[in-house]
Amino acid sequence: MSTASADVRGALADAPSAPLSREFFARPTEIVARELLGAWLLRTTDDGLCGGRIVEAEAYGGPEDLASHARAGRTRRTTPMFGPVGHAYVYLIYGMHECLNVVAFRGREAGAVLIRAIEPLLGVDQIRRRRARPNDPDWRLCSGPARVSQGLAIDRSLDGHDLTAGEGLWLAATTPAPPDHEVAVGTRVGVEYAGDWAAQHWRYWLAGHPSVSRRR
DNA sequence: CGAATGATACCCT
DNA sequence: GGGTATCATTCGG
């Protein structure tokens, strides 16, 4: 048990447990995306501990999935997607924003789950200081994949990071997990170019939760 | 609504 | 090798 995990248990009555195991991520990405709803995303930096609960996630597949970065096969950028499950895949988008994925199993080839939004619950003050819009209400601070990264100080230095080690950046389950009737499912955001794969219902979110990202 | 901002992938010589 | 269109987004006007 890491010191950081012990800190989390002390910080909250609704205590997250140990880091999610390798086995948790060794399942199809759409299962992992669904199961990650409600789980804690936790981060330690020089500013201390911060994090929140995942309210929105999307599953991406391997080369067969035309919406996935892995569609071009294994490249320098997508190497983590083809590596061991439970590691981070962090990429730069639009030249300025970073997005966090969790590598999961998909057809023996590649796969990842994009963390699209969390509800900030721990270290909200430090999360707020890192954001471009520090006057936003708590629930909006991490309402979008790049906002999650900005708020939790996640960048490409964490690309390939082992999320099961429980240090620096990791995930922890909650009990109980959200029941199916609180979970909504739909198409992935921003992948209209992907033909039939754009219709795949691989986006999961907590129905009605204010921290879920919205289209403008 | 459109700018910001740079890595990447893909097509061409 | 080099040029360039595109991008799993966000913010201010």
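Proteins come first, then strands; the chains are lettered A, B, ... in the order of their sequence lines, and each starts at number 1. These numbers were taken from a predicted model, which means no experiment stands behind them.
- Of the residues near DNA chain C, A/Ala132 and A/Val191, the one whose nearest nucleotide (by heavy atom distance) lies more toward the 5' end is A/Val191.
- Taken residue by residue, residues 91-99 of chain A places heavy atoms nearer than 4.0 Å to DNA chain B at A/Leu92, A/Tyr94, A/Gly95, A/Met96.
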Between A/Thr164 and A/Phe24, does a side chain to side chain contact (heavy atoms under 4.5 Å, CB included) hold up when you go through it step by step? CA-CA 10 Å; A/Thr164 66; A/Phe24 179 91; over 6 Å; no

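- Listed by chain and number, the residues in a salt bridge (charged side-chain N to carboxylate O under 4.0 Å, His left out) with A/Arg27 amount to none (sequence neighbours excluded).
- Here A/Arg140 lies out of heavy-atom contact (under 4.0 Å) with every strand.
- Taking A/Asp162 as the reference, A/Arg22 meet the salt bridge (charged side-chain N to carboxylate O under 4.0 Å, His left out) condition, with sequence neighbours excluded.
- Screening residues 80-102 of chain A for salt bridge (charged side-chain N to carboxylate O under 4.0 Å, His left out), with sequence neighbours left out, gives A/Glu98-A/Arg156.
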Side-chain atoms of residues 45-52 of chain A: list all donor-acceptor pairs with protein atoms under 3.5 Å, sequence neighbours left out, distances to 0.1 Å.
unit_1  : atom_1 : unit_2   : atom_2 : d
A/Thr45 : OG1    : A/Asp47  : N      : 3.0
A/Thr45 : OG1    : A/Arg130 : NH2    : 3.3
A/Asp47 : OD2    : A/Arg130 : NH2    : 3.4

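- Here salt bridge (charged side-chain N to carboxylate O under 4.0 Å, His left out) pairs that include residues 168-187 of chain A, with residues two or more places apart or in two chains, are A/Arg34-A/Asp180.
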Write down the protein N/O and nucleotide N/O pairs, taken from nucleotides 2-4 of chain C, whose separation is under 3.5 Å; answer none if there are no such pairs.
none

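- Residue pairs that meet the salt bridge (charged side-chain N to carboxylate O under 4.0 Å, His left out) test with at least one member in residues 60-78 of chain A, sequence neighbours left out, are A/Asp65-A/Arg188.
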5'-to-3' dot-bracket of DNA chain C (Watson-Crick, G-U; under 3.5 angstrom; crossing pairs as [ ]; | other strand): |||||||.||||.

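- For the contact set between residues 56-68 of chain A and DNA chain C, defined by any heavy atom under 4.0 Å, the members are A/Tyr60, A/Ala67.
- Of the candidate nucleotides C/dC11, C/dT9, C/dC7, C/dC7 has the atom nearest to the side chain of A/Tyr193.
- Within a heavy-atom distance below 4.0 Å of DNA chain C, the residues of residues 183-190 of chain A found are A/Val189, A/Gly190.
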Pairs under 3.5 Å (N/O, protein and nucleotides 9-11 of chain B):
unit_1 : atom_1 : unit_2  : atom_2 : d
B/dA9  : OP1    : A/Thr75 : OG1    : 2.7

